[in-house]
Colleague: 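First, the structure itself, so that you have it in front of you.
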Amino acid sequence: MPSNKTQPARGMRDFLPADVRRREYVIGVIREVYERYGFEPLETPAVENIETLMGKYGEEGNQLIFKILKRGVHESTGEADLALRYDLTVPLARVVAEYRDKLPKFFKRYQIQPVWRADRPARGRFREFYQCDVDVLGSKSMVVEAEICAAVSDVLERLGFDDFVIVLNHREILRGILEVSGVTEEKQADALIVIDKSEKIGKDGLRRELVERGVFSEESVDDFFERFGRLAETHVGPAFDIPESRTREFEKQQQEEMNSSWLDKLSSSLDQHEGGKLGIKAVRQILDLSQNSPARGRIRFHPSLARGLSYYTGAILEVGLNIGDFRGSIGGGGRYDNLVGMFLGQDVPACGFSLGLERIIVVMTEREMFPAGLVTSPAEVMVTVWNEESVLNSIALASELRAAGLRVDLYPEADKVGKQFKYASARGIPFVAVLGDDERERGEVSIKDMKSGKQRSVKREDVASVLRNWEG
RNA sequence: GCGGCUAUAGUUCAGUUGGUUAGAACGCUUGACUGUGAAUCAAGAGGUCGUGGGUUCAAGUCCCACUAGCCGCCCCA
């Protein structure tokens, strides 16, 4: 334990004003886009009953849940009856099961709240972090997947991302690949772990690890590679040579060609597998339905995407960045048609996606993608205080400007004017309003533009409009 | 959860094989400046060397644990 008691708990963070501004900017864009797609807001408690969460995320997930001990006289039992929520999807499923009759036939909700995982902190990875979820419940149509891809693409484009890829796969396709290759039920989980990282370890690594883990024998692995060797091909990284004169249109076309090439190959390999055929049909539909949406050319079908959360049943999605050094995904999702059924006893089809706020912020900060002025301007104008006698007058001016809708900082002490300017400069406040004895006699205020250094004296009642229409 | 590297003033870093009062640059504070910041000059403040233990006559320097950061696994947002 840190003896320096002022540090936040492990994996948790304090957000200073500049941090909060960045976070709120990103959240604002996300919320605005989600609203535009007809999603409605939902909030749920930080704490859930422990049985609501346990068993929904697989072995690994259970370990990472933040459990809360029973309280008071029951504390000594060492038992946990509550837990901090691990994601926003399971609480959503609980809400839908609880309020089924009050919710519309198709429930589209977004939710932007923190979740907690007892994971090891790393870059872009914390124990308390925000997820920005969109989900649609009540429909099995692939239009839902397409809409979600469109909304996510829209958000990322509006934030200024140019190089993201939505990787798409389908649980049934994965099952098909494994079953057609003769992988036994109990080896399938192992096989998925290896296949999921096939891009990183390459063709040789894929072959080696599949044999090491006993998924295939030395002989049968060749069969597998004959049919599915392409699994090791590029997954999130650049998929094709980008020419000097690269255009989005060119990239989109390349992506579409790559998708159909993959699908054609797989559909002949899986034509004996019912589930696999279904999965391929679903993926084709999602791609078709994205033709005329912001997601066009941004979706990359890739059969090696697996994803760990155990509740997915159909399409699975993950967003990665093409360029740069951030390897982790910045979001993920998929279809989970029987999660609500675990609470309700009756299945409700569902599909959703989650963007990771802090990963987006890590990348945006590194790439300097935040609008200028977001961090640097706590106020539009600072009003100076000339001396003890004039404080009231300064407060009056500040009040007038605030009433006119400006963000106004009032220097709190009757300090030397030089210090007041220095303070405004250091805080990045663009204008300083000086209210000295001379100005007061003339019924004027001196306004200084801190960027250009220009200064002019204006009638007191005109200050707000002059500031608003200031030019150089 | 596992392995490797790192941690010295607000910031970026020096600090020789463990040896007296731990340094620099920039930043910060105060003054020269007349009613005005980012320029120049002068002076000044600021570190129990990430935290806690241990080895030693002696520890920023060696050992251990913890915390944070980077890299690689596992997993994921």
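Labels below follow one simple rule: chain letters A, B, ... track the order of the sequence lines, proteins then strands, and each chain is numbered from 1.
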Colleague: Nearest to the side chain of Arg120(A), which nucleotide is it out of rG69(B), rA77(B), rG3(B)?
Modeller: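 Nearest nucleotide to the side chain: rG3(B).
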Colleague: Taking only the C1' atom of each, what is the distance from rC49(B) to rC33(B) in whole angstrom?
Modeller: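 The same atom, C1', in both gives a distance of 40 Å.
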Colleague: In whole Å, measure the gap between the C1' atoms of rG47(B) and rG35(B) for me.
Modeller: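 Here rG47(B) and rG35(B) have their C1' atoms 39 Å from each other.
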Colleague: Would you please say whether a donor-acceptor pair under 3.5 Å links the side chains of Asn393(A) and Arg460(A)?
Modeller: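 Yes, because at least one side-chain N or O of Asn393(A) sits under 3.5 Å from a partner of the opposite role on Arg460(A).
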Colleague: Taking atom C1' in both rG23(B) and rU56(B), compute the distance separating them and give it to the nearest angstrom.
Modeller: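 My reading of the C1' atoms in rG23(B) and rU56(B) gives 26 Å.
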Colleague: Heavy atoms under 4.0 Å, any strand shown: does Ile193(A) hit a base, just sugar-phosphate, or nothing?
Modeller: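 If one applies the 4.0 Å heavy-atom cut-off, Ile193(A) turns out to touch the sugar-phosphate alone, with no base involved.
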Colleague: My validator wants the stems of RNA chain B: runs of 3 or more consecutive Watson-Crick or G-U pairs, both distances under 3.5 Å, written as range with range.
Modeller: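 Stems found: B:1-7 with B:67-73, B:10-13 with B:23-26, B:28-32 with B:40-44, B:50-54 with B:62-66.
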Colleague: Calculate the interatomic distance between Asp135(A) atom CG and rA77(B) atom P; express it in whole Å.
Modeller: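 In whole Å, rA77(B) P and Asp135(A) CG are 13 Å from each other.
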Colleague: Just call it for Arg10(A): base, sugar-phosphate, or nothing, with non-hydrogen atoms closer than 4.0 Å on any strand.
Modeller: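 Here Arg10(A) touches the backbone only, sparing every base.
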Colleague: Heavy-atom count check: over 12 atoms from other residues, nucleotides or ligands less than 6.0 Å from Lys451(A) NZ?
Modeller: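 Counting neighbours around NZ of Lys451(A), 12 or fewer heavy atoms of other residues, nucleotides or ligands fall under 6.0 Å, so no.
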Colleague: For Phe353(A) and rC76(B), what is the distance between atoms CZ and C1' respectively, to the nearest whole Å?
Modeller: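 Computing the Phe353(A):CZ to rC76(B):C1' distance gives 13 Å.
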Colleague: Take atom C1' in rG54(B) and the same atom in rG18(B), then report the distance between them in whole Å.
Modeller: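 Result for the C1' pair: 15 Å, nearest Å.
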Colleague: Output one line per pair: protein atom, nucleotide atom from nucleotides 34-40 of chain B, and distance, for all N/O pairs under 3.5 Å.
Modeller:
residue: rG35(B); atom: N7; partner: Asp438(A); partner atom: OD2; Å: 3.4
residue: rG35(B); atom: O6; partner: Asp438(A); partner atom: OD1; Å: 3.3
residue: rG35(B); atom: O6; partner: Asp438(A); partner atom: OD2; Å: 2.0
residue: rG35(B); atom: N1; partner: Glu439(A); partner atom: OE1; Å: 2.9
residue: rG35(B); atom: N1; partner: Glu439(A); partner atom: OE2; Å: 3.1
residue: rG35(B); atom: N2; partner: Glu439(A); partner atom: OE2; Å: 3.0
residue: rU36(B); atom: O2'; partner: Lys448(A); partner atom: NZ; Å: 3.3
residue: rU36(B); atom: O2; partner: Lys448(A); partner atom: NZ; Å: 2.9
residue: rU36(B); atom: O2; partner: Gln455(A); partner atom: OE1; Å: 3.4
residue: rU36(B); atom: N3; partner: Gln455(A); partner atom: OE1; Å: 2.6
residue: rU36(B); atom: N3; partner: Gln455(A); partner atom: NE2; Å: 3.2
residue: rU36(B); atom: O4; partner: Gln455(A); partner atom: OE1; Å: 3.4
residue: rU36(B); atom: O4; partner: Gln455(A); partner atom: NE2; Å: 2.4
residue: rG37(B); atom: O4'; partner: Lys422(A); partner atom: N; Å: 3.4
residue: rG37(B); atom: N7; partner: Lys448(A); partner atom: NZ; Å: 3.1
residue: rG37(B); atom: N1; partner: Met450(A); partner atom: O; Å: 2.5
residue: rG37(B); atom: N2; partner: Met450(A); partner atom: O; Å: 2.8
residue: rG37(B); atom: N3; partner: Ser425(A); partner atom: OG; Å: 3.3

